[in-house]
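Below is one structure, written out as structure tokens; comments come after it.
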Amino acid sequence: MMKIKYDYCKISPDRDKYVVEYGHNTYKGYTLSSPIKIADRAFSTEKKAVRFAKKIVPIECIKKEGK
């Protein structure tokens, strides 16, 4: 199990895959004007993308974008 260490996560569909972007939305207790993206990963289904996202960020930090 990965330790939760990010507080920004966005799941967006991209052609035939789902991209999970994750990173930081706060720094030393301050909310940043725009989140710092650390990395992204692509998954073949939305279910797999959501499962990964739940492992690395708190559920309330996950944002989903529609097609």
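The figures here come from the full heavy-atom set of this structure, side chains too, leaving out hydrogens, waters and symmetry mates.
- Side-chain contact between H24 and D7 is present, with at least one heavy-atom pair separated by less than 4.5 Å.
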_Residue pair E65, I11: steps toward the side chain to side chain contact (heavy atoms under 4.5 Å, CB included) verdict_ = CA-CA 6 Å; E65 288 194 351; I11 300 172; over 6 Å; no
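- Remark: K37 pairs with D40 by the salt bridge (charged side-chain N to carboxylate O under 4.0 Å, His left out) rule, at least two apart or across chains.
- Shown here are the side-chain hydrogen bond (donor to acceptor under 3.5 Å, both in side chains) partners of S12, two or more places apart in sequence or in another chain: there are none.
- When hydrophobic clusters are built by joining Ile, Leu, Val, Met, Phe, Trp and Tyr residues whose side-chain heavy atoms come closer than 4.5 Å, directly or via intermediates, V57 is not grouped with I59.
- Cluster membership check: F43 shares its hydrophobic cluster with I62, using side-chain heavy-atom separations under 4.5 Å among Ile, Leu, Val, Met, Phe, Trp and Tyr.
- For the atom pair OH (Y22) and NZ (K55), the distance works out to 12.5 Å, reported to the nearest 0.5 Å.
- Y8 is listed as a side-chain neighbour of E21, based on a closest heavy-atom distance under 4.5 Å.
- Summarising the geometry of S44 relative to Y18, their closest heavy-atom pair is O-CD1, 4.3 Å, with the distance given to 0.1 Å.
- We find the CD1-OH distance between I56 and Y6 to be 7.0 Å, quoted to the nearest 0.5 Å.
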